[in-house]
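Pasting in a structure now, in structure tokens, and then I'll have a few things to ask.
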Amino acid sequence: MQIKAEEISQIIKGQIKDYEAKVDLSETGTVISVGDGIARVHGVENCMAMELLEFPGGILGLALNLESDNVGCAIFGNVSGIKEGAIVKRTGKIAEVPVGPEMDGRVVDGVGFPIDGQGPITAKLTSKMEVLAPGVIARKGVHEPCYTGSKAVDAMTPVGRGQRELIIGDRQIGKTALCVDAIIAQKETDVHCIYVAIGQKKSTVALVVEALRKNGAMDYTTVVAACASDPAPMQYVAAFAGCAMGEYYRDNGQHSLIIYDDLSKQAVSYRELSLLLRRPPGREAYPGDIFFNHSRLLERSSKVNDELGAGSLTALPIIETQAGDVSAFIPTNVISITDGQVYLEPNLFFSGVRPAINVGLSVSRVGGAAQVKAMKQVAGTLRLDLAQYRELAAFAGFGSDLDAATQKQLTRGARLVEILKQPQYQPLPMEKQVSIIFAGTKGYLDTLPLDTLAEYEQDLYTHITSNAPDIFDTLKEKKEIDKALEEKMHATMKSFTETFKAAKGIQ
């Protein structure tokens, strides 16, 4: 059998064509130096900012400094296996994390890999960690409440869907507890939650996850954990990873709530990274772009307009202060970025007021727009009443004789402080909050001893559920107190208070 020259040329052309398709073109570089979780890589000429690079052993690194002769890279993982001269490959991918409903109920690390022992995540979609925040035109005013379940917050510093409300205070005075309650409070709503733990002990994160699981909140919550034992790059990117997961819901017309616990530690990890990358230090040794780091993260929380699906991403960032110093660099930065702050005070916490919210320093810049009418009606004078009570209580401490009006204000104020106390992991729905605040502001508690108020509150909810359930139903449905409902509430409160006093033998 003879093969013609033409056929031979066809065969050769085909093989050359196939050969070109099989060649794997990948740009590589070499490690110049490595140490403290930072590698300097030479040779990856076309590397992009925030691109993932692959080191030996499958370890990933993040390109942060793009210099003329090398790339400064933060490594996610153990650097002990990386040596000078090691080959580094470009992945061509900007840092991204898995997103979507498959993330619900999972605990992942700072770059989205599961660490809960429940097998791989089957997420179909990924999203870039760093994206531009929605512009002004794409946004809509914050107008729906995002209940935290805490009477003091929902009544006086309300949070709306799409808002950023800072939780600030010293260590160990209930910042995380307030945020975990806010996650549990979303149980009956359509809000997906993301809890980002930065720089905390693994045991602390495990306790939070257990509390969420016990209260049935893990079904709609993703926990992103970059713990104290994780490298600084992981702690830095964890917040952006969590934000990308929350944005998935916002961009698909749904609602999400993200807790950053806490951004002080994220700032410290970013400072560590920046100093190792030889970026110039500024105030308190933080790099000059630390404000930009927090602002571009928190700006992504927003309520988008109807054309984009009217979804929202609400943020509750946490900042830890040192000895109550809210005028330090990082606290003032984040206060200026957010739409208000809830300030927790150690003195209140240790005197038994929990949550220990300082009414004078806490504020919501969205305010009444994030409250339903019923809450506005009962809580309108609450902040003023409490502020006046604090001043009068300080004055009354001198022991002078007080007139009847002043004594009445002190009595009312003490009872309002008492009813705003709340046990941990027991968030309340709006209708219950409105009922007890109504009882407090209308004077039904003035004749009751302070130590009976916690029992009174629980018995009141039971009484309304059993004997006047339409009060709760109307509040839920209409979200305002009309004349008929007000009369009904007055009658119910009056009869219940008399019954309670008789049962307790109170004159």
For Gln377 and Ile481, indicate whether the former's side chain and the latter's backbone hold a donor-acceptor pair under 3.5 Å.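 Indeed, once roles are kept as given, a pair shorter than 3.5 Å links the two residues.
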Do Asp262 and Lys175 meet the salt-bridge criterion of a basic N to acidic O distance under 4.0 Å?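 Between Asp262 and Lys175 there is no salt bridge, as every charged N stays at least 4.0 Å from the carboxylate O atoms.
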Crowded around Asp482 CG? As in, over 12 foreign heavy atoms under 6.0 Å?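 Yes, CG of Asp482 has more than 12 neighbouring heavy atoms, counting only those of other groups under 6.0 Å.
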Separation between NZ of Lys140 and CG of Asn305, rounded to the nearest 0.5 Å: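 That separation rounds to 8.0 Å.
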Considering residues at least two apart in sequence or located in another chain, which fulfil the salt bridge (Lys or Arg N to Asp or Glu O under 4.0 Å) criterion with Lys421?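 With neighbours one apart ignored, the set is Glu418.
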Is there side-chain contact between Thr126 and Tyr248, with at least one heavy-atom pair below 4.5 Å?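 Heavy-atom side-chain distance check fails, nothing below 4.5 Å.
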Compute both the distance and the angle, then confirm whether Arg412 meets the cation-pi test with Tyr389: under 6.0 Å from the six-membered ring centre, within 45 degrees of the axis.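 Because its charged atom misses either the 6.0 Å distance or the 45° angle limit, Arg412 does not stack over Tyr389.
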Under a plain distance cut-off of 3.5 Å, with no hydrogens placed, do Tyr425 and Asp181 share a side-chain donor-acceptor pair?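 No, no side-chain donor-acceptor pair sits under 3.5 Å.
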Report the relative orientation of the aromatic rings in Phe472 and Tyr461; use parallel for angles under 30°, tilted for 30 to 60°, perpendicular for over 60°.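 Geometry flag for Tyr461 against Phe472: tilted rings.
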With the threshold set at 4.0 Å, does a side-chain nitrogen-carboxylate oxygen contact exist between Glu431 and Lys479?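 No.
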Can you name the residues that form a side-chain hydrogen bond (donor to acceptor under 3.5 Å, both in side chains) with Gln235, not counting sequence neighbours?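 If we apply the side-chain hydrogen bond (donor to acceptor under 3.5 Å, both in side chains) test to Gln235, skipping adjacent residues, there are no hits.
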Working to the nearest 0.5 Å, report the span between CD1 of Ile173 and OG1 of Thr321.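 That separation rounds to 6.5 Å.
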Please report the C-alpha distance between Leu392 and Thr406 in whole Å, then the side-chain angles of each, then the deciding distance to 0.1 Å, and finally whether the side-chain contact (heavy atoms from CB on, under 4.5 Å) criterion is met. CA-CA 8 Å; Leu392 286 173; Thr406 305; 3.7 Å; yes
Under 3.5 Å donor-acceptor pairs involving side-chain atoms of residues 204-217, not counting sequence neighbours:
| residue | atom | partner | partner atom | Å |
| --- | --- | --- | --- | --- |
| Asn215 | ND2 | Ala211 | O | 2.8 |

Would you indicate whether the side-chain heavy atoms of Leu125 and Pro98 approach each other to under 4.5 Å?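 A side-chain contact under 4.5 Å is absent here.
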Test side chain to side chain donor-acceptor pair (under 3.5 Å) on Gln200 and Asp261; report intermediate values, then the result. CA-CA 8 Å; Gln200 295 179 38; Asp261 189 6; 3.1 Å; yes
Verdict with reasoning, Gln341 to Ile167, per side-chain contact (heavy atoms from CB on, under 4.5 Å): CA-CA 6 Å; Gln341 69 275 348; Ile167 313 293; over 6 Å; no
Would Val196 and Ile258 count as a side-chain contact (heavy atoms from CB on, under 4.5 Å) if you check the C-alpha gap in whole Å, the side-chain angles of each, and the deciding distance to 0.1 Å? CA-CA 7 Å; Val196 185; Ile258 184 162; 4.0 Å; yes
Side chain to side chain donor-acceptor pair (under 3.5 Å), that's the test. Do Arg40 and Asn65 meet it? Break it down for me. CA-CA 9 Å; Arg40 293 202 172 270; Asn65 268 29; over 6 Å; no
Inspect the surroundings of CD in Glu477 and state if more than 12 heavy atoms from other residues, nucleotides or ligands are less than 6.0 Å away.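 Count not over threshold, so no.
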Does a side-chain heavy-atom distance below 4.5 Å link Ile194 with Leu257?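 Contact flag for Ile194/Leu257 side chains = no.
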Tell me whether Gln424 at atom CD has more than 12 heavy atoms from other residues, nucleotides or ligands lying less than 6.0 Å away.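 Yes, the 6.0 Å shell around CD holds more than 12 heavy atoms from other groups.
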Below 4.0 angstrom, N of the basic side chain to O of the carboxylate: do Arg296 and Glu130 qualify?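 Salt bridge present between Arg296 and Glu130.
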For Glu67, look at atom CD and say whether over 12 heavy atoms of other residues, nucleotides or ligands are found less than 6.0 Å away.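 More than 12 heavy atoms, drawn from other residues, nucleotides or ligands, come within 6.0 Å of this atom.
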Cut-off 3.5 Å, side chains only: do Gln266 and His294 have a donor facing an acceptor?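 Looking only at side-chain atoms, His294 and Gln266 do form a donor-acceptor pair, the distance falling under 3.5 Å.
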Side chain to side chain donor-acceptor pair (under 3.5 Å) between Gln388 and Gln409, worked out: CA-CA 8 Å; Gln388 286 175 340; Gln409 256 187 318; 2.7 Å; yes
In plain terms, say whether Glu247 and Lys128 are close enough for a salt bridge, that is, a side-chain N and a carboxylate O under 4.0 Å apart.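 No, no charged N to carboxylate O under 4.0 Å.
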Could you state the interatomic distance from CZ (Phe76) to CG (Leu62), rounded to the nearest 0.5 Å?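 Phe76 CZ to Leu62 CG: 4.5 Å, rounded to 0.5 Å.
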Would you please test Lys151 and Glu457 for salt bridge (charged side-chain N to carboxylate O under 4.0 Å, His left out) and show each step? CA-CA 12 Å; Lys151 288 173 280 190; Glu457 184 181 347; 2.8 Å; yes
Leu64 side, atom CG; Arg279 side, atom CZ - distance, nearest 0.5 Å: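 The distance works out to 5.5 Å.
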Flag if over 12 foreign heavy atoms under 6.0 Å of CG, Leu132: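 Count not over threshold, so no.
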Starting from the C-alpha separation in whole Å, work towards a yes-or-no answer on salt bridge (charged side-chain N to carboxylate O under 4.0 Å, His left out) for Asp339 and Arg365. CA-CA 5 Å; Asp339 312 309; Arg365 297 190 191 110; 5.8 Å; no
Run Thr221 and Asp104 through side-chain contact (heavy atoms from CB on, under 4.5 Å) and show every step you take. CA-CA 5 Å; Thr221 304; Asp104 285 344; over 6 Å; no
Residues in ring-ring contact (aromatic ring centres under 6.0 Å, His included) with His192, at least two apart?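 For His192 the ring-ring contact (aromatic ring centres under 6.0 Å, His included) partners, ignoring immediate neighbours, are Tyr249.
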Hey, can you pull the donor-acceptor pairs under 3.5 Å for the side chains in residues 281-292, sequence neighbours left out?
| residue | atom | partner | partner atom | Å |
| --- | --- | --- | --- | --- |
| Glu284 | OE2 | Phe329 | N | 3.4 |
| Asp289 | OD1 | Tyr270 | OH | 3.1 |
| Asp289 | OD2 | Tyr270 | OH | 2.4 |

Run Lys376 and Glu480 through salt bridge (charged side-chain N to carboxylate O under 4.0 Å, His left out) and show every step you take. CA-CA 9 Å; Lys376 279 188 217 172; Glu480 69 170 299; over 6 Å; no
Could you give the side-chain donor-acceptor pairs of residues 141-150 under 3.5 Å, partners two or more places apart or in another chain?
| residue | atom | partner | partner atom | Å |
| --- | --- | --- | --- | --- |
| His143 | ND1 | Gly141 | O | 3.1 |
| Glu144 | OE1 | Lys303 | NZ | 2.8 |
| Thr148 | OG1 | Ser150 | N | 3.3 |
| Thr148 | OG1 | Asp154 | OD1 | 3.0 |

Does a side-chain N-to-carboxylate-O contact under 4.0 Å join Arg161 and Asp190?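 Looking at Asp190 together with Arg161, the answer is yes, because their closest N to O distance falls below 4.0 Å.
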Do Lys201 and Cys227 have side chains that get closer than 4.5 Å, going by heavy atoms?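 No, their side chains stay 4.5 Å or more apart.
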What is the distance from atom OG1 of Thr91 to atom CG of Leu52, rounded to the nearest 0.5 Å?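 Answer for the OG1-CG pair, Thr91 versus Leu52, is 5.0 Å.
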State the NE2-SG distance between His255 and Cys193, to the nearest 0.5 angstrom.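 These two atoms lie 12.5 Å from each other.
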Flag, side chain of Ser301 to backbone of Thr314, donor-acceptor distance under 3.5 Å: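 Absent.
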Electrostatic pair Asp473:Lys476 at N-O distance under 4.0 angstrom: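 No salt bridge links Asp473 with Lys476.
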Could you tell me which non-hydrogen atom of Ile357 sits nearest to which non-hydrogen atom of Ser362, and how far apart they are?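 Smallest heavy-atom distance, with atoms named: CG2-OG, 3.5 Å.
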Which atoms form the tightest heavy-atom contact between Gly92 and Met48, and what is the distance?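 Shortest heavy-atom separation between Gly92 and Met48 comes out as O-CE, 3.7 Å.
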Could you check whether Asp446 and Thr411, counting side-chain N and O atoms only, form a donor-acceptor pair closer than 3.5 Å?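 Asp446 and Thr411 do not have a side-chain donor-acceptor pair below 3.5 Å.
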Taking the basic N atoms (NZ, or NE/NH1/NH2) and the acidic carboxylate oxygens, is any pair closer than 4.0 Å for Lys124 and Glu102?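 Counted as a salt bridge, because a side-chain N and a carboxylate O are separated by less than 4.0 Å.
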Do NZ/NE/NH1/NH2 and the carboxylate oxygens of Arg106 and Asp116 come within less than 4.0 Å?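 Yes, Arg106 and Asp116 are salt-bridged.
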